[in-house]
Amino acid sequence: MSHDLRAPLRHVNGFVELLGKQFQTELSEKGWHYLDAITDSVHQMGVLIDDLLNFSRSGRADMRESTFEMNQVVKEVTEQIRQDNPGRDIEWTIAQLPSVHCDNAMLHLVWENLLSNAVKFTSKRKKASIEIGVQEEDKEFVFFVRDNGVGFDMRYAQKLFGVFQRLHSAAEFEGTGIGLANVHRIITRHGGRTWAEAELENLPDGKAGGATFYFTLPKHNEEKP
């Protein structure tokens, strides 16, 4: 399926490159603009295919659970984000997180989605602030990612973890609307829950906005849902 989905994109991209090379001097500025728009659309479609495949795998793949340090995976993800965003001023506050019993690769994807979202939705801030923490309950750990980004309207919070659900337009913030659905599916398979809280920016009360995303993991996860 992956090959079949990508083949038309490779063809489109190939013909765009041929047009650019063979008609370089004949294309007008508007013509080059059209080619750039096609290339951007091909890239966006490729990202969408990747996200859909990840979403499919997260529901079908066998769980390979083991005990590992949550701080290690968070460190790996934040280091990659720093490399991908060299010009951003981001203040990271990371708590000491507990060891957990889960599928390492799947939880890596959870943190990738949540932290990338926090970075994306704080992009309009001169200085972004992202906090990663945990609250310990009797039977579970409650992890959270808090940011000082644009936030969202809590009336639509229940839509956040659905496939293709977006509370901001693609023109404002790029994305496919699949990342949080992936988070929800992975955490549910681990016997946990997901939810979010937020404040919209520029409200009459003067608050700057921001969002907090939560997910839980059972302290003892011997049984799979």
Side-chain angles (χ1 to χ4, degrees), residues 50-51 53-86 88-123 125 127-149 151-152 157 160-161 175-176 178-198 210-225:
D50 287 340
D51 286 352
L53 289 173
N54 284 331
F55 183 69
S56 176
R57 292 187 188 110
S58 69
R60 297 166 60 88
D62 292 334
M63 300 273 284
R64 298 182 177 181
E65 297 174 272
S66 61
T67 301
F68 77 107
E69 297 290 335
M70 190 70 93
N71 277 102
Q72 180 59 36
V73 68
V74 169
K75 180 181 178 182
E76 292 171 3
V77 174
T78 53
E79 285 180 352
Q80 185 60 54
I81 287 175
R82 288 188 181 101
Q83 294 176 18
D84 294 341
N85 299 271
R88 291 288 306 277
D89 183 4
I90 303 175
E91 179 184 25
W92 296 92
T93 303
I94 304 174
Q96 183 61 42
L97 306 176
S99 298
V100 292
H101 189 73
C102 60
D103 184 294
N104 192 334
M106 288 188 180
L107 261 292
H108 198 285
L109 188 58
V110 166
W111 286 111
E112 281 183 5
N113 281 309
L114 291 178
L115 297 183
S116 295
N117 263 9
V119 170
K120 175 170 64 177
F121 290 109
T122 57
S123 60
R125 299 282 183 255
K127 183 173 184 176
S129 176
I130 300 174
E131 179 185 0
I132 301 164
V134 62
Q135 301 164 358
E136 185 172 357
E137 305 292 344
D138 289 340
K139 297 182 179 180
E140 63 185 6
F141 293 111
V142 181
F143 297 92
F144 65 86
V145 176
R146 180 173 293 125
D147 65 63
N148 64 335
F152 59 84
L160 281 171
F161 295 95
T176 58
I178 299 175
L180 290 178
N182 229 347
V183 169
H184 175 72
R185 172 175 281 185
I186 290 170
I187 296 303
T188 299
R189 289 195 68 187
H190 282 80
R193 301 170 291 121
T194 56
W195 71 96
E197 299 172 354
T212 306
F213 287 84
Y214 299 89
F215 70 90
T216 69
L217 288 174
K219 288 184 175 180
H220 302 287
N221 196 31
E222 289 84 3
E223 296 183 2
K224 300 177 186 177

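Just so you know, these numbers come straight off a predicted model, no measurement behind them.
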Identify, with sequence neighbours excluded, every residue that meets salt bridge (charged side-chain N to carboxylate O under 4.0 Å, His left out) alongside [X].
| X | value |
| --- | --- |
| E112 | none |
| E136 | K219 |
| R82 | none |

Quick one: pull up [atom1] in [X] and [atom2] in [Y] and give me the separation to the nearest 0.5 Å.
| X | Y | atom1 | atom2 | result |
| --- | --- | --- | --- | --- |
| I186 | C102 | CD1 | SG | 10.5 Å |
| D147 | N117 | CG | CG | 8.5 Å |
| N104 | M106 | CG | CE | 11.0 Å |
| I130 | I90 | CD1 | CD1 | 5.0 Å |
| R146 | L114 | CZ | CG | 13.5 Å |
| I187 | L217 | CD1 | CG | 5.0 Å |

Would you say that [X] contacts [Y] through its side chain, given a criterion of any heavy-atom pair below 4.5 Å between the two side chains?
| X | Y | result |
| --- | --- | --- |
| V142 | E137 | yes |
| W195 | T216 | yes |
| L107 | V73 | no |

Partners passing side chain to side chain contact (heavy atoms under 4.5 Å, CB included) against D89 (at least two apart in sequence or in another chain): K127
What pairs with [X] under side-chain hydrogen bond (donor to acceptor under 3.5 Å, both in side chains), at least two apart in sequence or on another chain?
| X | result |
| --- | --- |
| T194 | H184 |
| Q135 | none |
| E91 | none |
| S116 | none |

Shortest non-hydrogen separation from [X] to [Y] and the atoms involved:
| X | Y | value |
| --- | --- | --- |
| T122 | V119 | OG1-O, 3.1 Å |
| N148 | R125 | O-NE, 2.6 Å |
| P218 | G191 | CG-O, 3.6 Å |

Step-by-step side-chain contact (heavy atoms from CB on, under 4.5 Å) determination, L180 to N113: CA-CA 7 Å; L180 290 178; N113 281 309; 5.6 Å; no
Can you give the donor-acceptor pairs under 3.5 Å from side chains of residues 92-100 to other protein atoms, not counting sequence neighbours?
from, atom 1, to, atom 2, distance (Å)
Q96, NE2, N71, OD1, 3.3
S99, OG, E69, OE1, 3.3
S99, OG, E69, OE2, 2.8

Worked check of side-chain contact (heavy atoms from CB on, under 4.5 Å) between I132 and V74: CA-CA 9 Å; I132 301 164; V74 169; 3.7 Å; yes
Sequence-distant partners of F141, ring-ring contact (aromatic ring centres under 6.0 Å, His included), two or more places apart: none
Those residues that, when tested against F215, pass ring-ring contact (aromatic ring centres under 6.0 Å, His included) (two or more places apart): W111, F143
Residues T188 and R193: side-chain donor-acceptor under 3.5 angstrom: no
Donor + acceptor pair across side chains of E76, Q72 (<3.5 Å): yes
Test log, rule side-chain contact (heavy atoms from CB on, under 4.5 Å), inputs H190 and H101: CA-CA 9 Å; H190 282 80; H101 189 73; over 6 Å; no
